[in-house]
Amino acid sequence: MNSLPHLQEIFDRLRRGGHLSPEDEPAFSALSAEVDAYTRYFEPLGLKLVRHPREFFYFEPEGSEGLAETLPRIAIFSYILVDHAANSGLPVEEYLLSQPFLISKLPHFSLDRYVSLLRQVEIEDAQGLRLVLKSMERIGWVKFLGEDEFKLLRPFHRLLDQCLALSEELATATAAAPSREGSPESPTLE
C-alpha cells in the first residue's frame, strides 16, 4: 500500500482531465510537498504529472477526448470575456482572474456578434452559459461561489496563455505583412 497522502483523490481528479490548484486543499498541499514522489508513482502508469509555472498540476493530456465536444464552447465563452475586457480597456489577466463574476451580468449577450458566436456553439441563453461553466468547474478552471456567482481559477491560464500567445502571433504577422496602403492597386483620394 502506498503511503502518499490523498493519492486516490489526486489520481481521480487528474485522471478525469482535472487540475489541482491552491483552491483544492488539502490535496494540493500534499501534492506540492511531495511532487517528485507522486511523479514517480504515476510514471509506470503512463501518466506524466505536469507542474505548471503558475503553480497548479495536471496530467499531460493523451488527446482531447472528453473535452472535444465542450472545448469549442469553452473557447467561445472565454474569447468573449477576453474581448470584452480588451474593448473596455481593462487589463485582461487581472480582470479575468482577480474578481468573481455573476452569470446574469456577463457580457455574452450584450452584442450581436457575441450572440452570433454563441449560436455557432449552440449556446442560446444563460442556462447554456451555466452548462459551460459547470464543464469548466469539473476540470478545475472555475469555482462556483453561489448559484449565480463564480470565479476563474489559476488553471484557466492554460487557455488564457494560449489565447494571448495566438493574439501576439497574429499581431506580429499583421505588422509584418506588406501594407496595401499606397500600393499601385490602392485607390488614393486627392
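Values in this document were obtained by computation on a predicted structure and should not be read as measured data.
- Residues forming a side chain to side chain donor-acceptor pair (under 3.5 Å) with E55 (at least two apart in sequence, or on another chain): R51.
- By the side chain to side chain donor-acceptor pair (under 3.5 Å) test, E25 pairs with S29, sequence neighbours left out.
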Please table the atom pairs, donor to acceptor, closer than 3.5 Å between any side-chain atom in residues 105-117 and protein atoms at least two apart or in another chain.
from	atom 1	to	atom 2	distance (Å)
H108	NE2	F77	O	2.9
S110	OG	P107	O	2.6
R113	NH1	D83	OD2	3.2
R113	NH2	D83	OD2	2.8
Y114	OH	D83	OD2	2.7
Y114	OH	H84	N	3.4

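- Residues satisfying the side chain to side chain donor-acceptor pair (under 3.5 Å) test with R40, not counting sequence neighbours, are none.
- At a threshold of 4.5 Å between side-chain heavy atoms, the hydrophobic network of Ile, Leu, Val, Met, Phe, Trp and Tyr places L90 and V92 in one connected group.
- Relative ring orientation between F150 and F101 is described as parallel, the plane-to-plane angle staying below 30° on a 0-90° scale split at 30° and 60°.
- Its side chain within the 4.5 Å cluster rule, F28 clusters with L4, L7, I10, F11, L14, L20, L31, V35, Y38, Y41, F42, L45, L47, L49, F57, F59 among the Ile, Leu, Val, Met, Phe, Trp and Tyr residues.
- Among residues two or more places apart in sequence or in another chain, the salt bridge (Lys or Arg N to Asp or Glu O under 4.0 Å) test is passed with E93 by R54.
- Salt-bridge formation is not detected for the pair E43/K48: no Lys NZ or Arg NE/NH1/NH2 atom is positioned less than 4.0 Å from an Asp or Glu carboxylate oxygen.
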Practice prompt. Decide side-chain contact (heavy atoms from CB on, under 4.5 Å) for V132 and I74; before the verdict, give the C-alpha distance in whole Å, the side-chain angles of both, and the deciding distance to 0.1 Å.
Written response: CA-CA 6 Å; V132 171; I74 292 173; 4.1 Å; yes
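- Partners of V121 under the side chain to side chain contact (heavy atoms under 4.5 Å, CB included) rule, at least two apart in sequence or in another chain, are P72, R73, I76, I123.
- Every side chain to side chain contact (heavy atoms under 4.5 Å, CB included) that D148 has, sequence neighbours left out, goes to L102, I103, S104, R130.
- Shortest non-hydrogen contact noted between L96 and L160 is CD1-CD1, 3.8 Å.
- Judged as a side chain to side chain donor-acceptor pair (under 3.5 Å), and not counting sequence neighbours, R154 has no contacts.
- With a 6.0 Å radius and a threshold of 12 heavy atoms from other residues, nucleotides or ligands, Q127 has its CD atom above the threshold.
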Item to complete: With side-chain contact (heavy atoms from CB on, under 4.5 Å) as the test, would you mind laying out the steps for Q162 and R158 before giving the verdict?
Response: CA-CA 7 Å; Q162 289 187 6; R158 286 190 65 198; 5.9 Å; no
Item to complete: Could you walk me through whether H52 and D161 pass side-chain contact (heavy atoms from CB on, under 4.5 Å), step by step?
Response: CA-CA 12 Å; H52 193 278; D161 291 348; 3.9 Å; yes
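- With values rounded to the nearest 0.5 angstrom, R13 atom CZ is found 10.0 Å from I139 atom CD1.
- Of the possible polar contacts, none joining the E34 side chain to the A30 backbone as a donor-acceptor pair under 3.5 Å is found.
- Other residues sharing the hydrophobic cluster of F56, ordered by chain and number and joined by side-chain separations under 4.5 Å: V50, Y58.
- The number of heavy atoms from other shown groups lying within 6.0 Å of CD (Q99) is above 12.
- Every side chain to side chain contact (heavy atoms under 4.5 Å, CB included) that E23 has, sequence neighbours left out, goes to S21, K143, K151, L153.
- With sequence neighbours left out, T172 forms a side chain to side chain contact (heavy atoms under 4.5 Å, CB included) with no residue at all.
- Transitive grouping of hydrophobic side chains (ILVMFWY, heavy atoms separated by less than 4.5 Å) keeps L145 and M136 in distinct clusters.
- Residue Y79 is grouped with residue L133 when hydrophobic side chains (ILVMFWY) are merged at heavy-atom distances under 4.5 angstrom, including chains of intermediate members.
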